[in-house]
Protein chains: 2
Amino acid sequence: MALTWQARKALSIVCQDNRTSPLPANRTRDYARPVSKPAGQVEGRTAGNASLQLGVDRSSPVPLYYQLSRQLEEAIEQGKLAPGSLLGNEIDLAGRLGLSRPTVRQAIQSLVDKGLLVRRRGVGTQVVHSQVKRPLELSSLYDDLETAGQRPATHVLHNTVEPASAEVAAMLGLAEGADVHRIERLRLAHDEPMAYLRNHLPVGLLPLETADLEATGLYKLMRNASVTLHSARQSIGARAATAQEAARLSESEGAPVLTMARTTFDDMGRAVEYGSHIYRASRYSFEFQLLVRG
Amino acid sequence: MALTWQARKALSIVCQDNRTSPLPANRTRDYARPVSKPAGQVEGRTAGNASLQLGVDRSSPVPLYYQLSRQLEEAIEQGKLAPGSLLGNEIDLAGRLGLSRPTVRQAIQSLVDKGLLVRRRGVGTQVVHSQVKRPLELSSLYDDLETAGQRPATHVLHNTVEPASAEVAAMLGLAEGADVHRIERLRLAHDEPMAYLRNHLPVGLLPLETADLEATGLYKLMRNASVTLHSARQSIGARAATAQEAARLSESEGAPVLTMARTTFDDMGRAVEYGSHIYRASRYSFEFQLLVRG
DNA sequence: AAGTGGTCTAGACCACACT
DNA sequence: GTGTGGTCTAGACCACTTC
């Protein structure tokens with residue numbers, strides 16, 4: 001949508017589902033250690049707000065900056081670090097934890113990128129007053145529905161390989177007539193139809209068994225097949241349902257529906273999926289959070 | 001929307017309008033310099049793909065990592081760095097430019113975050129096959145319309161201060177009945193109505209002159225008033241237009257409209273704006289790009 | 001074995017905000 | 001002036017990928 005922020009700023013939208021993103025873990029660690037500092041469990045009391053326990057485990061395969069980042073994130077989520085409170089300066093924090101300043105900065109930066117912290121030069125690092133309400137509306141994928149306890153189900157209405165139409169070929173960057181999977185699914189929540197999903201995928205990328213498609217979401221299948229998703233172009237609009245669409249979705253003809261078209265690309269920029277979806281506007285909306293990217 | 005990506009990954013959506021984001025600039029620079037390396041303009045030929053000119057200006061107030069980042073970004077945009085090509089290893093690059101490896105890494109990382117580069121351990125850093133089509137549809141704000149050459153215009157239909165309703169008070173985190181600005185605007189492009197925008201803002205944050213509102217967008221006014229936008233919660237849906245809405249938007253009653261509700265927060269998490277907007281589905285859609293956040 | 005990115009250290013100077 | 005984050009250096013060891 002060219003997302004409506006200030007002209008000079010890029011935008012980032014972050015899904016509220018910010019669970020652990022497990023990094024590629026190192027196995028062991030043997031850097032130059034601080035010679036005279038015992039480090040380890042340190043109860044922060046020297047600076048800023050901190051009255052919380054922080055400490056890193058150098059024998060763990062998890063990167064130090066990531067351990068710290070997670071601890072800070074949890075402290076914020078649990079309210080141990082009050083919104084608006086100062087974190088204490090980076091140097092002290094590094095000293096108390098037995099880490100170097102760059103490592104501490106890396107941890108803090110990752111939380112700034114997530115929108116949990118704000119840094120101000122000359123002032124300090126503060127916890128943002130969280131406006132982190134849980135999503136009230138439903139979300140768009142099987143896994144999200146499942147997470148929200150919405151009892152999702154999928155009916156696979158179509159699952160074939162056929163020649164690509166001009167539109168599909170263009171969106172996937174293939175030659176017209178090239179073989180592609182065509183999948184059509186009806187997504188239900190609590191036994192109520194929510195969305196009609198039509199997807200096209202190039203052949204050879206992953207097996208697409210109807211049973212798998214009914215058991216889980218497409219993206220999870222792709223990830224399991226080691227397809228590394230990288231980016232997507234997406235368009236959200238609305239229109240009146242056709243008679244056929246209305247019948248599928250238990251709506252009446254002419255009822256407003258949300259449309260979403262999306263092409264997904266992998267690491268190397270290959271299009272790996274094109275989806276053209278219809279959602280019942282009466283039961284569905286897209287909810288997300290925007291972060292301004294300095 | 002809890003954005004439909006893989007369960008374990010957070011999502012980021014980036015507006016395609018990624019113009020320069022001017023960093024707080026330093027004035028001078030006098031770090032320890034590499035002693036024996038003349039540095040400066042270097043034509044890359046030693047490693048990887050690079051046959052492009054890179055070089056940094058140490059007398060510039062612009063941070064070195066940012067200078068490098070911009071040069072690489074331009075090279076990618078202009079096709080001087082072909083999609084899929086390797087960038088050459090970080091150490092060589094640092095040596096050739098007379099920079100340290102962390103500085104080079106910082107430059108590269110910023111492009112990885114933007115989705116332009118991909119790093120693979122043991123392999124190298126590659127340029128992503130760009131799928132950067134310009135947005136085909138219109139965008140959502142005055143400035144975006146203007147950028148797209150859409151001849152935007154705004155009619156201010158309402159601009160008062162009045163007590164907050166329960167809904168508005170809740171969204172802005174104020175007490176019910178507290179004074180708030182209420183603004184209603186009709187947004188046109190090429191003299192055609194595109195959207196009906198209703199906004200509420202707390203008083204005292206910035207002056208809201210009707211003339212200003214007709215000349216530019218609300219976010220630009222807020223930025224000019226030194227309101228530092230930080231994040232927003234947003235919901236996109238659809239429904240049938242009421243008779244009144246249809247009349248305002250030159251649609252017929254019952255026509256599908258896109259709805260967007262958004263609360264915007266500043267650095268400290270204060271709600272600075274609540275908007276409840278209606279877009280003509282026949283003329284408008286939201287277009288954006290998603291980036292998977294490792 | 002060689003080459004890459006991923007992580008980490010121990011310093012340093014600078015710009016900015018506050019008192 | 002003092003304290004903060006912003007930037008930068010010159011090293012180091014590690015894990016992963018490819019040959």
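From a predicted model like this one, the values you see are computed outputs, not experimental measurements.
Counting only heavy atoms from C-beta on, A/Arg101 has its side chain closest to D/dG5 among D/dG5, D/dC8, D/dA12. Here D/dT7 is the nucleotide among D/dG5, C/dG6, D/dT7 with the atom lying nearest to any side-chain atom of B/Gln106.
Residue-to-nucleotide proximity on DNA chain C shows that, of A/Pro102 and A/Gly122, the 5′-proximal contact is made by A/Pro102. Between A/Val104 and A/Val123, the residue anchored nearer the 5' end of DNA chain C, judged by the nucleotide with its closest heavy atom, is A/Val104.
Ring pair B/Phe288/A/Phe288 is tilted by interplanar angle, where 30° to 60° counts as tilted.
Considering only side-chain N and O atoms, B/Asn89 lies nowhere under 4.0 angstrom from the phosphate OP1 or OP2 of C/dG3. Using a 4.0 Å cut-off, no side-chain N or O of B/Thr125 falls inside it from OP1 or OP2 of C/dT4. Checking the phosphate oxygens (OP1, OP2) of C/dT4, no side-chain nitrogen or oxygen of B/Arg120 falls inside 4.0 Å. One finds a side-chain N or O of B/Thr103 lying less than 4.0 angstrom from the OP1 or OP2 phosphate oxygen of D/dT9. Contact annotation: A/Tyr65 reaches the phosphate of C/dT7 (side-chain N/O to OP1 or OP2, under 4.0 Å).
The interatomic distance linking A/Gln126 (CD) with D/dG5 (P) rounds to 10 Å, in whole Å. Rounded to an integer number of Å, the gap from A/Ile91 CD1 to C/dC13 P is 13 Å.
A donor and an acceptor atom never sit less than 3.5 Å apart when one is taken from the side chain of B/Arg105 and the other from the base of C/dT7. Residue-to-nucleotide contacts include no donor-acceptor pair under 3.5 Å from the side chain of A/Arg121 to the base of D/dT7.
Side-chain contact of A/Tyr65 with A/Gln109: a donor-acceptor pair under 3.5 Å is absent, judged by distance alone. With no hydrogens or angles considered, no side-chain donor-acceptor pair links B/Gln67 and B/Asp57 at under 3.5 Å.
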